[in-house]
Structures are given as C-alpha cells and as structure tokens.
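We use all heavy atoms of the structure for the numbers below, so side chains are in, but hydrogens, waters and symmetry mates are not. Order of appearance sets the numbers: ligands from 1, and atoms from 1 within every ligand.
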Amino acid sequence: MTDAPPLRFDTLPLAAPQLATLEQLGYTAMTPIQAASLPLALAGHDLIAQAPTGSGKTLAFALALLARVRTDTGAAQALVLCPTRELADQVAQAIRRIARSEANLKLLTLCGGVPIRGQLASLEHGAQLIVGTPGRVLDHLDRGSLKLDALQCLVLDEADRMLDMGFRDAIVAIDERCPGSQQTLLFSATFPEEVLRLAQQALREPREVLLEGGHPAEAITQHFYRVANETRLDVLVRLLRHHAPERALVFCNTRQECRDACDALQAAGFVALPLHGELDQREREQTLVQFSQKSCSVLVATDVAARGIDIAELEMVINARPSPDADTHQHRVGRTGRSGRSGLAFSLVAPNEERRVENLATLQGFVPQWEDASAIPATDAPAPQPPMATLLILAGRRDKLRAGDVLGALTQAAGLTREEVGQISITDSSTYVAVTRARAEAALRSLNRGGIKGRSMRVHRL
Ligand code: ADP
Ligand code: MG
C-alpha cells in the first residue's frame, strides 16, 4: 500500500516469545495503525485511535494489553468491551491466537444472549483477560461476580458502534468501577461528537492516532455496472459465475433484498447464505462460521449485520444495490483488499440509483468507471463450489473438548489427512470443524460412530 519500508514488530519493546508468535502467524510487518499506536500504547499512554475497518486495530490493542497482564494471579487485569457478541468472539479468538506463548493465561468472554450460570462458574476460577459486551459485563459487576480492582487496561473497541447501540450509560458505569489508574484505549472507525465526549470522560491525557479512512485502499478496484432493476439478480449471478471467487460478500440494503438475492444465487447452484437482523444468535454464528471456514462461498448481508465482521482475504465485495450513504459504501468496499492484498469491488446500479454513485464519487474525489453488464460473459459451467464443508459437533469448551482432540479423531479414526482438515472453531457449547467437501460424509459417519476421545458425540453437517 505504501512505498515506505515495512515496520517490523521487533522494533517494539515486546517479549521474545511474543515476537516469535507473531512471526509464526505470518505477521511480518505492522499495519499503519499498529505502527502509529503500539509505541504509545506500550509506553502506557491512554489512546484515542481512529482507523478504518480492516486496518488491524485488534492486534494493536491485543499486543498492548498482553504486555501488561501477569499470569501469576487470576485477577482480571484487562477488559475489552465490544458492541456485539460476534465481535467479542472474534476479538477473543484473535487474542488467544497471539497469546499462545502464555501458558497460564485465561481469557473469558462475557456476552449477553448466553446463559449467565456458566459465566459465573468460569469467573470463580479467575481470568486475567475479559472480553465482553457492556450490558453483560455491567451485570457481572453488579452481582459482584466480576471485580476490576486489579485492572491494568481497559479497551473500548468500536466505540462509535457501542454508542450507536445505546451502551453509553453501561460504558460509563463500567468505567466508574475501574481503579482509575488503568490505561484506557479507545478505538473507533468514526469520531462523531458523542465518541469525543466519551473519550473526554474516560481517558486521561490521551494521545491521538488518526489515520485517514477517506479513500479506499489503492489495492481495491471499483467497478460500476449499469443494470435494470429486472436484470439485477441475473447480473449478480453472472458476475459471480464469471469471477468464481472462493468467497464473496454481497451487500443489500434490506432484509427482503437479501433473501431475494440469496434465493437467486442458490437457484443458480451457489452455496450462498443470508445474514440479516432476523436471524437468531445461533443462526448468525453458524452462518459466519461457514463463511469463515470456506464452506459457504457467498454471504449476502445487510450493512448492520455485516458491520465489524472480520473476514480476512475477502476477494470480492458486490453491492447488489448501492447504498444511499457514502460512508456505508466506503465500509462495504473496505471489506476487500485488506492488509495490502488486492480486492475487487463491484456495484450494480439501476438508473434511479446513479445519483448515489455520482454523489459518492464527488465526495471521495474519483471518477467512476462505468462498465457494460452485457459484456460479462455468460457461462454454462456449474457454479463454483466452496472447498470445505462444516461439521458441527454438539460439545465445546465446557465439555473440555479441544482442537487437538477433534483433529486427532479426524486424522486417526476417520482417516483424514492433516491437509483435509481446515479451521476448527470452539465455542462454549459447540465446535465447528471444516473438512474438505469430498471427505465430509466419511468424516461425519466416523465421528458419529466412534466419537471423540472415547466419548460419543452428536455431529451434524451444516
Ligand atoms: P479492524 O479491527 O481494524 O477492523 P482487524 O483487527 O479485524 O481490523 O484486522 C483485519 C485483518 O487484518 C485481520 O484478518 C487480521 O488478522 C489482519 N492483520 C492484522 N494485523 C496484521 C498485520 N500486521 N499483518 C497482516 N495482517 C494483519
Ligand atoms: Mg475491529
């Protein structure tokens, strides 16, 4: 993205095992927000940081808080507040990934929509790191099940979004229960007045790190197609068949549009799933996991449902309809071409929507490249299928199931090779494992018959 030399993590005051983990995970250079914020955060300053979605904010605060946490006590030392359960889960996963050199580190997620009993039990065992949503965290503070006396670091992630969701009072109440000596880091994609006010209230002499989110990364190429309303979904199908991306995110403005687009794609043979506000928590979780595990190739989402979701290496974003709002368009397009990878962004625009694109182009100072939808070749080839399938095991962390157990059962009893097993994602009560499509049925039968670690388990294919 830039010509400047890469900013290496080993220029930071990080412990050797932490640097080794970063290297193992393939994080070779800091992203701009990491390079700008980490030296300040590691020096102990409070921080206001603004950077667009996908710029690597999670790793920025994760490294800062891990540097402060001691594992010789079980007291809560870092608290990350996130707007939704999905985001909290993602942040928790990201922290676990880079904290693997810390054997005694416990991380607990405390989110609403999950029974409180299990959380109470886990809290009794202690956890140095807490990631949660403001409502539930406050609930635990009120019950006395969570104490923040030893807190070293408070992170407000996606502060703008948390305020949009009405969490202002809860955040202020949580802040008041913190010792006051802790470091506070506030991250936000946008800085409306309300966020600034919260920052004034909760932060002490904060340093500011502001990265322009104005223009899409240069790596993203935007294409605009003029379509008729009647042919929009045909063009969508044709575009996806022609480019055959491993994964694409399609944006719609309403739930109904989401359902229609998804129906059209499924009818054309795609493994496509909708993501909108009418799904319950479990459906959302399953949809996101399938997309992330590459067992669903097209996710058709509304903006609200998709916001903040971190899916790396997204090749393609399609606006089935352009958003009337320029910022929203920007957020959508920013989902592809992350971390310097190249991405494609398409917008299907009916005559009555052309004005939106003109406004957007004026605001952001570019000249839209209009292309002719009839030039997209039609193909008879079957719709590209995702490489993986997701198996759902009805047991999780609470049942002491670990990724190694699942991998062991698949590679030994079921006879899959290590390469035929993909991502394994474990939640409190369920486990999702990706296996290659060709081996999915065999793996399913073997797990249902032989169980895992000698225990029988119920397994479904999603
Ligand atoms: P944000 O919170 O700013 O929207 P995330 O923290 O979710 O963005 O990061 C977006 C993606 O970038 C993630 O997939 C993450 O793994 C990846 N990423 C973060 N830091 C780096 C890095 N230094 N090098 C390469 N990829 C990175
Ligand atoms: Mg984030």
Side-chain angles (χ1 to χ4, degrees), residues 1-2 4-12 14 18-19 21-39 41 47-66 80-100 131 133 155-162 164-165 185-191 195 209-213 216-217 219-220 247 249 288 291-294 303 306-315 317 327 330-343 423 425:
M1 271 190 279
T2 80
L7 292 149
R8 298 164 55 98
F9 283 101
D10 60 12
T11 60
L12 297 169
L14 292 173
Q18 184 64 82
L19 288 170
T21 302
L22 288 167
E23 195 179 324
Q24 284 159 17
L25 292 172
Y27 294 133
T28 48
M30 290 188 262
T31 65
I33 186 69
Q34 291 159 3
S37 63
L38 273 166
L47 219 61
I48 297 182
Q50 173 183 29
T53 303
S55 53
K57 296 189 282 292
T58 316
L59 187 60
F61 64 71
L63 286 172
L65 60 83
L66 284 173
V80 182
L81 295 177
C82 301
T84 66
R85 184 178 153 198
E86 286 79 28
L87 289 167
D89 285 339
Q90 276 174 21
V91 165
Q93 282 205 356
I95 297 178
R96 285 202 175 96
R97 218 180 298 139
I98 64 153
R100 60 185 184 193
V131 180
T133 47
V155 177
L156 307 176
D157 190 21
E158 305 222 9
D160 50 354
R161 176 94 195 279
M162 288 200 285
D164 283 349
M165 294 179 67
L185 309 174
L186 182 151
F187 290 82
S188 202
T190 62
F191 269 81
V195 177
V209 179
L210 308 179
L211 294 192
E212 287 300 318
I220 303 171
R247 271 184 309 188
L249 184 53
L288 288 170
F291 192 57
S292 135
Q293 294 193 338
K294 301 188 178 176
D303 296 292
R307 200 172 155 183
I309 290 166
D310 163 32
I311 287 149
E313 301 165 46
L314 198 55
E315 288 163 65
V317 166
D327 279 349
Q330 192 67 7
H331 264 111
R332 292 177 173 183
V333 169
R335 311 313 294 269
T336 181
R338 292 172 152 206
S339 312
R341 288 179 287 255
S342 66
Q423 192 187 308
S425 161

Examine the proximity of ligand 1 to Phe9 and report which part, side chain or backbone, both or neither, has a heavy atom under 4.0 Å away.
side chain
Which option wins on minimum heavy-atom distance to atom 23 (N) of ligand 1: Ala29, Gly26, Gly56?
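Result: the heavy atom closest to atom 23 (N) of ligand 1 is in Ala29.
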Look at atom 5 (P) of ligand 1 and find which of Leu7, Ile98, Leu314, Thr58 reaches it with the closest heavy atom.
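Heavy atom nearest to atom 5 (P) of ligand 1 belongs to Thr58.
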Would you call [X] and [Y] a side-chain contact if the rule is heavy atoms closer than 4.5 Å?
X      : Y      : result
Leu87  : Arg161 : yes
Leu65  : Leu185 : no
Tyr27  : Leu63  : no
Leu22  : Leu14  : yes
Phe187 : Val80  : no

Donor-acceptor check, side chain of Gln50 to backbone of Ala189, threshold 3.5 angstrom: yes or no?
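Here the side-chain-to-backbone pair exists.
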Do any nitrogen or oxygen atoms of Ser55 come within less than 3.5 Å of a nitrogen or oxygen of ligand 1?
yes
Between Gln34 and ligand 1, is there a nitrogen or oxygen pair with a distance under 3.5 Å?
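Right, the criterion is met.
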Going by the atom numbers of ligand 1, which of them fall below 4.0 Å from some non-hydrogen atom of Thr31?
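So the atoms of ligand 1 that pass are 20 (N), 21 (C), 22 (C), 23 (N).
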Leu59 neighbourhood, listing ligand 1 atoms whose heavy-atom distance to it stays under 4.0 Å
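Result: 20 (N).
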